[in-house]
2 protein chains.
Amino acid sequence: MTRRTPVGIRDIGDALGLSMMSVSRALRGVEGVSAGTRIEVIQAAKRMGYRPNRNARSLASAHSTLIGVSIPSLFSDVFPEILDGMRATFDHAGFDTLIDTTHYNTAREADWAERMLDWNAAALVLCGVDHEPDLRRRLRDLRIPTLEFWDTTDDPIDVCVGIDHWKAGADLAEHLLACGYTRPAFIGVPEGRDTRADKRLAGLVATYASAGIDAVDVRRIDHRATFEAGALATESLLAAEGPRPDVLAYLNDHMAFGGLSTCMRLGLSIPDAIGIAGFNDLEINKILPMPITTIITPRTRMGEIGARNIIARIKGAVVERCVTIPTELRIGHTTRAPLSSGGPFSSN
Amino acid sequence: MTRRTPVGIRDIGDALGLSMMSVSRALRGVEGVSAGTRIEVIQAAKRMGYRPNRNARSLASAHSTLIGVSIPSLFSDVFPEILDGMRATFDHAGFDTLIDTTHYNTAREADWAERMLDWNAAALVLCGVDHEPDLRRRLRDLRIPTLEFWDTTDDPIDVCVGIDHWKAGADLAEHLLACGYTRPAFIGVPEGRDTRADKRLAGLVATYASAGIDAVDVRRIDHRATFEAGALATESLLAAEGPRPDVLAYLNDHMAFGGLSTCMRLGLSIPDAIGIAGFNDLEINKILPMPITTIITPRTRMGEIGARNIIARIKGAVVERCVTIPTELRIGHTTRAPLSSGGPFSSN
DNA sequence: TTGTACGCGTTATCAT
DNA sequence: ATGATAACGCGTACAA
């Protein structure tokens, strides 16, 4: 087998009449070499085209610069944005990103995590806080730095950064109630697939329930959460028997836009006959003639904070175990103007 | 330092009274062990919770199961789809994906590629065929399996799979000419950033030129190729002095939808007063009330074919050096009906 | 500040 | 079919 590392630390040492250790120290930037030899070594390394063998490093030191990042899917705008926020920080700090897409399958996630451990990964980044119990235990026992992101919990595996999905759902419900919508529907994917969306739904249901409204029409479509999924689910919902919902809350803005298109095509008056709400405030919402009422989620910032914290953990620093970033309601044109908090007789 | 691999090949051998080599052979599934010992070893490995140390493996064998994949950006629908197509195949074959996002910076790409070599990567996957000359040379010299995707060339570093962007631009121009549009504009990002888009523009310009039309109004916006970028660029274009273009060709469907929104907001009649064309046939196009005329690109399939071929290369097989996948024009409602090929007097 | 001895966990090579 | 020995390239621990 032809080696791809023709020049190693030994060669530099030989060329300079130094021991391998001096070279190693100089190259890694650690204490224990005079400034002079360090410069000499670095120059020689450059001249000779030295490249470190990362596998050998990792084997010898039981450390590595590999960080494994697992996300459910690359098709969603939200995970790419979070990932991008992380990667900028990882790159800067010299870490490489080993990626996985789980497609919302926790067993696959667990298998992949083991592979990452086989690589001696410096840290693991997982989406959400719902994982295989075995994986949770194992990562804890191993004490490997682990970041859970997007969701939050009081008891993360190690550290976490995310938003409160239940509260986001509740906040949205509050707004819809204030707008006078009394027959809500939620359109999402099958239960258990996207547990964060399930939590938002739970927050919405609870809030409506505490206002005396127990009927939330839940529609689930077995499809990626796309524009098309939103359109299809909405068609089926509107074609169904029984009382029509007066407001449709979607799993995300893309599904919401699909639903919006369907409603407009059917000639439904928005937001009067029917309201529409999304989630995430995705980029498309900037250019829609009728911006969708949604919840703004801080995705890039979440990635940056998460990356910063997990790197601190790798270096052994103590960091805040759990960071919950607030979300914000964005009122668009797809929901009616809220009734004034002064009551229905206000002139607002 | 606490080791994360409490049980190694040696331990299994000790437990079974076998040498490390027999264990290694059994576990790797190579020849040289009796069926009986193999089963015994595999069971013992499972029972004892053996996990291979991948760095040690890679160091000893000068092979690894790491594949480095570099893409310009995660925000685009097209790269995630290609990547997803690849990953499915990689996963299945037992390869791990080390990812990079270049943000269209070839120098960063080259640096990252070196790091991948430091990891002893089994293969490199790069976007497009325009790279730092040094990187090209080096990968060739090293004979490391390399896949270039999305674009094509007669002379790839190693193997490539992609589409002919120049021809795609030309095909679109043919259609727009057939529709009777004579004052085309192209809306994209700064020249050199997205070299594939530059090639499509070149194909469009050449085709219009061969029809005697030399004026193509090119607008570039320094922004990610998003809905918003399309909207902003279109606003500025339509506000400009001089004759207004009668058809707008965009870098992709997202920018096109942004432009479409702007045109509709300004009350322009589409497709008569002004035509709109995109690129890629992205998912959003399925649900638009007015589907955008675009070019369908085979993204998932490209990823799968590319992954299959690069794995074959890793295994030493000979594969087609260059696969060019055809694209297809999708005629939407944002361009006028083409004049019949029979000429202007036809009753078509 | 510099150097020596050894180990990291596995695979290649050559023997039996 | 199985085993002994020697790398793989580097870092840790300790000595000088």
Side-chain angles (χ1 to χ4, degrees), chain A residues 1-42 44-45 48-66 115 117-122, chain B residues 1-42 44-45 48-66 115 117-122:
Chain A
M1 178 91 293
T2 310
R3 310 232 124 257
R4 269 172 203 137
T5 320
V7 28
I9 277 188
R10 163 177 286 118
D11 302 286
I12 298 179
D14 289 351
L16 262 44
L18 286 169
S19 73
M20 286 171 60
M21 274 320 295
S22 293
V23 176
S24 174
R25 284 191 266 254
L27 253 20
R28 278 179 296 152
V30 301
E31 307 265 301
V33 259
S34 67
T37 28
R38 166 157 290 145
I39 292 178
E40 237 186 325
V41 167
I42 291 175
M48 301 170 71
Y50 168 76
R51 293 253 94 202
N53 183 321
R54 305 225 169 227
N55 294 128
R57 261 192 190 176
S58 180
L59 179 61
S61 68
H63 281 304
S64 90
T65 55
L66 247 26
R115 289 178 66 89
L117 299 177
D118 296 346
W119 280 115
N120 227 317
Chain B
M1 178 94 294
T2 312
R3 309 232 125 255
R4 270 171 205 139
T5 320
V7 28
I9 279 190
R10 163 176 286 121
D11 301 287
I12 299 178
D14 289 352
L16 262 43
L18 286 169
S19 73
M20 288 170 54
M21 276 318 295
S22 293
V23 177
S24 174
R25 284 190 267 253
L27 253 19
R28 277 179 296 154
V30 300
E31 306 264 303
V33 258
S34 68
T37 17
R38 166 156 291 148
I39 292 177
E40 236 186 325
V41 167
I42 291 176
M48 301 172 67
Y50 169 77
R51 295 251 93 204
N53 182 321
R54 304 220 170 234
N55 287 304
R57 248 185 204 184
S58 181
L59 179 62
S61 69
H63 280 305
S64 91
T65 56
L66 246 27
R115 290 178 66 86
L117 299 176
D118 297 346
W119 280 113
N120 227 318

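Atoms considered below: every heavy atom in the structure, side chains included; atoms not considered: hydrogens, waters and symmetry mates. Since the model is a prediction, treat every value here as computed from it, not as a measurement. Residue numbering restarts at 1 for every chain, and letters A, B, ... go by the order of the sequence lines.
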**Asked** Taking only N and O in the side chain of Thr37(A), is any of them less than 4.0 Å away from OP1 or OP2 of dT2(C)?
**Response** yes
**Message:** Please tell me if Ser61(A) has a side-chain N or O lying less than 4.0 Å from either OP1 or OP2 of dT12(D).
**Reply:** no
**Asked** The side chain of Ala60(B) lies closest to which of these nucleotides: dG9(D), dG3(D), dG9(C)?
**Response** dG9(C)
**Item:** Gap between atoms CD1 and P, on Ile12(A) and dG11(D) respectively (whole Å)
**Value:** 11 Å
**dG11(D) OP1/OP2 closer than 4.0 Å to side-chain N/O of Ser24(A)** = yes
**Message:** Could you go through Thr37(B) and Leu18(B), starting from their C-alpha distance and side-chain angles, then the distance that decides it, and tell me whether this counts as side-chain contact (heavy atoms from CB on, under 4.5 Å)?
**Reply:** CA-CA 9 Å; Thr37(B) 17; Leu18(B) 286 169; 3.9 Å; yes
**Message:** Under 4.0 Å, heavy atoms only, any strand: does Arg25(B) hit a base, just the sugar-phosphate, or nothing?
**Reply:** base
**For atom CD1 of Ile9(B) and atom P of dA12(C), their distance in whole Å** = 11 Å
**Request:** Give the rounded distance in Å between these two atoms: NE2 of His63(A) and P of dT12(D).
**Result:** 7 Å
**Request:** May I ask you to evaluate whether Arg28(A) reaches the phosphate of dT12(D), defined as a side-chain N or O under 4.0 Å from OP1 or OP2?
**Result:** yes
**Message:** Which heavy atom of Arg51(A) sits nearest to which heavy atom of Arg115(B), and what is that distance?
**Reply:** NH1-N, 3.8 Å
**Fill in**
note: Leu18(B), atom CG; dA1(D), atom P; distance rounded to Å ~ 14 Å
**Fill in**
In short, Val7(A) meets Ile12(A) closest at the heavy-atom pair CG2-CG1, 4.3 Å
**Prompt:** Where do Val41(A) and Leu27(A) land on the side-chain contact (heavy atoms from CB on, under 4.5 Å) test, with the steps shown first?
**Reply:** CA-CA 7 Å; Val41(A) 167; Leu27(A) 253 20; 3.6 Å; yes
**Nearest-angstrom distance from the residue atom CZ of Arg38(B) to C1' of dT2(D)** = 13 Å
**Complete:** Between CG of Leu59(A) and P of dC6(C) the distance, given in whole Å, is 18 Å
**Request:** Please report, rounded to the nearest Å, how far the C1' atom of dC8(C) is from the CZ atom of Arg10(B).
**Result:** 10 Å
**Request:** For dC10(D), take OP1 and OP2 only and decide whether either is under 4.0 Å from a side-chain N or O of Arg57(A).
**Result:** no
**Asked** What's the closest nucleotide to the Met21(B) side chain, out of dC10(D), dG9(D), dG3(D)?
**Response** dG3(D)
**Request:** Could you state the atom-to-atom distance from CG of Leu117(B) to P of dG9(D) in whole Å?
**Result:** 15 Å
**Prompt:** Where the side chain of Met20(A) is defined as all heavy atoms beyond and including C-beta, which of dC10(D), dA12(C), dG3(C) is the nearest nucleotide?
**Reply:** dC10(D)
**Prompt:** Looking only at atom types and distance, does a side-chain atom of Ser58(A) sit under 3.5 Å from a main-chain N or O of Arg54(A), one as donor and one as acceptor?
**Reply:** no
**Asked** Does Ser22(A) place a side-chain N or O at less than 4.0 Å from the phosphate oxygens OP1/OP2 of dG3(C)?
**Response** yes
**Prompt:** Which is true for Gly17(B) with a 4.0 Å heavy-atom rule: it touches a base, it touches only sugar-phosphate, or it touches nothing?
**Reply:** sugar-phosphate
**Among dT10(C), dC10(D), dT4(C), the one nearest Ser19(A) by side-chain distance** = dT4(C)
